[in-house]
Amino acid sequence: MFRQASKHLLVFLAFSSITLGRKWRDSGEAWTIPELAFQPGKKMVLSCAEPCIQGISDPVSAANMAVTVNNRLASDIANNTERFGGFASLAMHNATVAALELKRAVKELGFLGALINDYQQSGPDGQTLLYYDQPEYDVFWEMVTDLDVPVYFHPRNNIPAIVTFEYAHAPFLIGPAQEFAVTLSTHILGLCTNGVFDRFPNLNIIIGHLGERISSDLLRIDTQLLKQIPQGIPMKKNVTTYFHTNIFETTSGNFATDLLKFHIGQIGLDRIMYSIDYPFVNIPDGTLWVNSLDTVLNERDLISLKRGCAIEVLRLND
């Protein structure tokens, strides 16, 4: 039902749990943000952004909240699915539970995939962190590939213990300037080095902010990881290869034209799609930037960036 391609742009938007909660309490109209009211010609994919379900440490509460969030999003966009699509929120404590909720969200609610806000907090004090690069999550990744949908990895605020340990000396680096990319890129590289993409060669994931800096440093990463082969590193290819076969990146919150051009040379334009990252980034800023690229990209390539790649990855023409 959601899979109808826009004639113009496809925009990924993430809504913070704070905005979501305020809208629910004040008006009962979740996801209806004023800035979205007049954005003609755009297909927008909505999601619940950081930390959302990943910040709920109790597995039962998290699973129940994921169902609630997904049902509410589906209900709120049901009358305008040509304009809006959705990414499922998932509790990642248990791979089977996550897999079944993803299946429900895709098959019954018509969602286009899932958005996960980095690691899952767990444990009685919320200090146990779960990463999805371990074999126990294979049942989840198998479901993702069976459904043929992507999973978008979004950064999140770290738990206080990590923030204190890493950034007490320079708190100005907390958040998008440094913290977010460092934490999420480690998780993504864990998926690579622990062999997830070798076990699931058809798996597609999406990361924002022009690759969370990984694709700016592929040569060094690949060269250094070669040294881990004698230590038994599970991955069978290099990270550059996974960016050509399994990992897509978006421009969300990183409207750097020269960097975009560099990444096109590194991984190819067919691995990059336009995204804004609202509400963390203003929609007009992203629109102004992408429309300025007509002096940098030819018409065909600009169409690919604006919507072509996303239409293919999200199967909007199916």
Visitor: Surrounding CD of Glu312 (heavy atoms of other residues, nucleotides or ligands, distance under 6.0 Å), is the total greater than 12?
Guide: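 No, the 6.0 Å shell around CD holds no more than 12 heavy atoms from other groups.
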
Visitor: Would you say the side chain of Ile207 lies within less than 4.5 Å of the side chain of Thr250, judging by non-hydrogen atoms?
Guide: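 SC-SC contact between Thr250 and Ile207 ruled out.
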
Visitor: Does a donor on one side chain and an acceptor on the other come within less than 3.5 Å for Tyr119 and Asn158?
Guide: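 Asn158 and Tyr119 do have a side-chain donor-acceptor pair below 3.5 Å.
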
Visitor: Give a yes or no on this: more than 12 heavy atoms of other residues, nucleotides or ligands lie within 6.0 Å of atom CG of Asp294.
Guide: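 Yes.
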
Visitor: Hey, does the side chain of Ser185 reach the backbone of Val182 with a donor-acceptor pair shorter than 3.5 angstrom?
Guide: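 Judged by distance alone, yes, a pair lies under 3.5 Å.
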
Visitor: Is Tyr137 reaching over with its side chain to a backbone N or O of Asn94, donor-acceptor style, under 3.5 angstrom?
Guide: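 Not at all, since once roles are kept as given, no pair shorter than 3.5 Å links the two residues.
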
Visitor: Please determine whether side chain to side chain contact (heavy atoms under 4.5 Å, CB included) holds for the pair Tyr152 and Ile205, giving the CA-CA distance in whole Å, both sets of side-chain angles, and the decisive distance to 0.1 Å.
Guide: CA-CA 6 Å; Tyr152 198 122; Ile205 70 166; over 6 Å; no

Visitor: Hydrophobic clustering (ILVMFWY, side-chain heavy atoms < 4.5 Å, transitive) - are Leu259 and Leu305 grouped together?
Guide: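 Looking at the clustering, Leu259 is in the same group as Leu305.
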
Visitor: Rounded to the nearest 0.5 Å, what separates atom CD1 in Ile53 from atom CD in Glu101?
Guide: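 Rounded to the nearest 0.5 Å, the CD1-CD separation comes out at 9.5 Å.
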
Visitor: Is it the case that the side chain of Arg83 and the backbone of Met44 share a donor-acceptor pair, with hydrogens and angles ignored and the cut-off at 3.5 Å?
Guide: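 Answer holds: no.
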
Visitor: Treating Arg307 as the side-chain partner and Lys43 as the backbone partner, does any N or O pair qualify as donor plus acceptor under 3.5 Å?
Guide: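 Looks like no, no N/O pair under 3.5 Å.
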
Visitor: Let me see the working for Phe84 and Val45 under side chain to side chain contact (heavy atoms under 4.5 Å, CB included), right down to the final yes or no.
Guide: CA-CA 6 Å; Phe84 297 111; Val45 183; over 6 Å; no

Visitor: Quick check: do Thr245 and Phe197 have side-chain heavy atoms less than 4.5 Å from each other?
Guide: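 Not touching, per the 4.5 Å side-chain cut-off.
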
Visitor: With a 4.0 Å cut-off, would you call Lys237 and Asp198 a salt bridge?
Guide: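 Judged by the 4.0 Å cut-off on N to carboxylate O distance, Lys237 and Asp198 do not form a salt bridge.
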
Visitor: Would a 4.5 Å heavy-atom cut-off, applied to side chains only, mark Gln120 and Thr128 as touching?
Guide: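 Side-chain contact under 4.5 Å: no.
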
Visitor: Main chain of Cys48, side chain of Asn117: is a donor-acceptor contact present, judged purely on distance under 3.5 Å?
Guide: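 Flag set: sc Asn117 to bb Cys48 pair under 3.5 Å.
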
Visitor: Honestly curious: do Val149 and Phe200 fall in one hydrophobic cluster under the side-chain, below-4.5 Å linking rule?
Guide: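 Linked, Val149 and Phe200 end up in one cluster.
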
Visitor: Are Leu288 and Tyr278 connected, step by step, through hydrophobic side chains (Ile, Leu, Val, Met, Phe, Trp, Tyr) whose heavy atoms are closer than 4.5 Å?
Guide: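 Different clusters.
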
Visitor: Step through the shown structure and confirm whether more than 12 heavy atoms of other residues, nucleotides or ligands are within 6.0 Å of CG on Leu173.
Guide: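 Yes, enclosed.
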
Visitor: I'd like to know if the side chain of Asn291 reaches the main chain of Thr287, judged simply by a donor and an acceptor atom lying under 3.5 Å from each other, with no hydrogens or angles considered.
Guide: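 Judged by distance alone, yes, a pair lies under 3.5 Å.
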
Visitor: Could you check whether Thr241 and Asn238, counting side-chain N and O atoms only, form a donor-acceptor pair closer than 3.5 Å?
Guide: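 Indeed, the side chains of Asn238 and Thr241 share at least one donor-acceptor pair under 3.5 Å.
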
Visitor: Measure the shortest side-chain to side-chain distance between Cys309 and Phe248 over non-hydrogen atoms and say whether it is less than 4.5 angstrom.
Guide: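 Yes, at least one pair of side-chain atoms sits under 4.5 Å.
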
Visitor: Go through the side-chain N and O atoms of His209 and Asp277 and say whether any donor and acceptor fall under 3.5 Å apart.
Guide: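 Yes, a side-chain donor-acceptor pair sits under 3.5 Å.
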
Visitor: Treating His154 as the side-chain partner and Leu115 as the backbone partner, does any N or O pair qualify as donor plus acceptor under 3.5 Å?
Guide: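 Not a single qualifying donor-acceptor pair exists.
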
Visitor: Any sub-3.5 Å donor-acceptor pair from Thr68's side-chain atoms to Asn64's backbone N or O?
Guide: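 Such a contact is found between Thr68 side chain and Asn64 backbone.
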
Visitor: Tell me yes or no: between the side chains of Thr145 and Asn202, is some donor less than 3.5 Å from an acceptor?
Guide: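 On atom types as modelled, these side chains do not qualify, holding no pair under 3.5 Å.
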
Visitor: Say whether His263 and Glu249, considering side chains only, have a donor N or O and an acceptor N or O under 3.5 Å apart.
Guide: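 The criterion, which ignores hydrogens and geometry beyond distance, is satisfied for Glu249 and His263.
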
Visitor: Tell me, do Glu179 and Val163 make a side-chain contact under 4.5 Å, heavy atoms counted?
Guide: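 Side chain of Glu179 against side chain of Val163, heavy atoms only: contact under 4.5 Å found.
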
Visitor: Work out which heavy atom in Leu226 is nearest to a heavy atom in Pro230; give both atom names and the distance.
Guide: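 Residues Leu226 and Pro230, closest heavy atoms: O-CD, 4.0 Å.
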
Visitor: With a 4.5 Å limit on heavy-atom distance, are the side chains of Leu46 and Phe111 in contact?
Guide: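 Sidechains of Phe111 and Leu46: no contact.
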
Visitor: Is Asn246 reaching over with its side chain to a backbone N or O of Leu203, donor-acceptor style, under 3.5 angstrom?
Guide: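 Pair found, side chain donor or acceptor close to backbone of Leu203.
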
Visitor: Does one side chain, of Tyr131 or Thr186, offer a donor that lies under 3.5 Å from an acceptor on the other?
Guide: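 Short answer, no.
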
Visitor: Is there side-chain contact between Met235 and Tyr242, with at least one heavy-atom pair below 4.5 Å?
Guide: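 Heavy-atom side-chain distance check passes, below 4.5 Å.
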
Visitor: Is there a side-chain contact between Val151 and Ile206 in this structure, where contact means two heavy atoms from C-beta onward sitting under 4.5 Å apart?
Guide: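 Sidechains of Ile206 and Val151: no contact.
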
Visitor: Give a yes or no on this: more than 12 heavy atoms of other residues, nucleotides or ligands lie within 6.0 Å of atom CD of Gln224.
Guide: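 Yes, the 6.0 Å shell around CD holds more than 12 heavy atoms from other groups.
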
Visitor: Step by step, would you call Trp141 with Leu191 a side chain to side chain contact (heavy atoms under 4.5 Å, CB included)?
Guide: CA-CA 11 Å; Trp141 296 122; Leu191 297 174; 4.1 Å; yes

Visitor: Would you kindly confirm whether Ile116 and Leu130 end up in one hydrophobic cluster when ILVMFWY residues are joined by side chain heavy atoms under 4.5 Å apart?
Guide: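 Same cluster.
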
Visitor: Verify whether one side chain among Arg104 and Asn71 offers a donor that lies under 3.5 Å from an acceptor in the other.
Guide: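 Side chains of Arg104 and Asn71: pair found under 3.5 Å.
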
Visitor: Walk me through whether Ile221 and Leu189 qualify under side chain to side chain contact (heavy atoms under 4.5 Å, CB included).
Guide: CA-CA 9 Å; Ile221 293 170; Leu189 289 173; 4.3 Å; yes

Visitor: Using a strict cut-off of less than 4.0 Å between a Lys/Arg side-chain nitrogen and an Asp/Glu carboxylate oxygen, indicate whether Asp76 and Arg72 qualify as a salt bridge.
Guide: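 Result for this pair is yes, salt bridge flagged.
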
Visitor: I'd like to know if Phe140 and Val67 are part of one continuous hydrophobic network [Ile/Leu/Val/Met/Phe/Trp/Tyr, side-chain heavy atoms within less than 4.5 Å].
Guide: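 Different hydrophobic clusters.
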
Visitor: So which atom in Pro234 and which in Gly195 form the shortest heavy-atom distance, rounded to 0.1 Å?
Guide: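 Between these two residues, the closest heavy atoms are CB-N, 4.3 Å.
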
Visitor: Check each of Gln54, Arg156, Gln127 against Gln121 using the side chain to side chain donor-acceptor pair (under 3.5 Å) test, and report the only one that passes.
Guide: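 Only one of Gln54, Arg156, Gln127 forms a side chain to side chain donor-acceptor pair (under 3.5 Å) with Gln121, namely Arg156.
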
Visitor: Take Arg213 and Gln178, measure what side-chain hydrogen bond (donor to acceptor under 3.5 Å, both in side chains) needs, and give me the verdict at the end.
Guide: CA-CA 10 Å; Arg213 301 180 184 166; Gln178 176 72 355; 2.6 Å; yes

Visitor: Report the relative orientation of the aromatic rings in Tyr132 and Phe153; use parallel for angles under 30°, tilted for 30 to 60°, perpendicular for over 60°.
Guide: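 Tyr132 and Phe153: tilted rings.
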
Visitor: Is there a donor-acceptor contact under 3.5 Å linking the side chains of Trp289 and Thr257?
Guide: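 Distance-only check passes for Trp289 and Thr257.
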
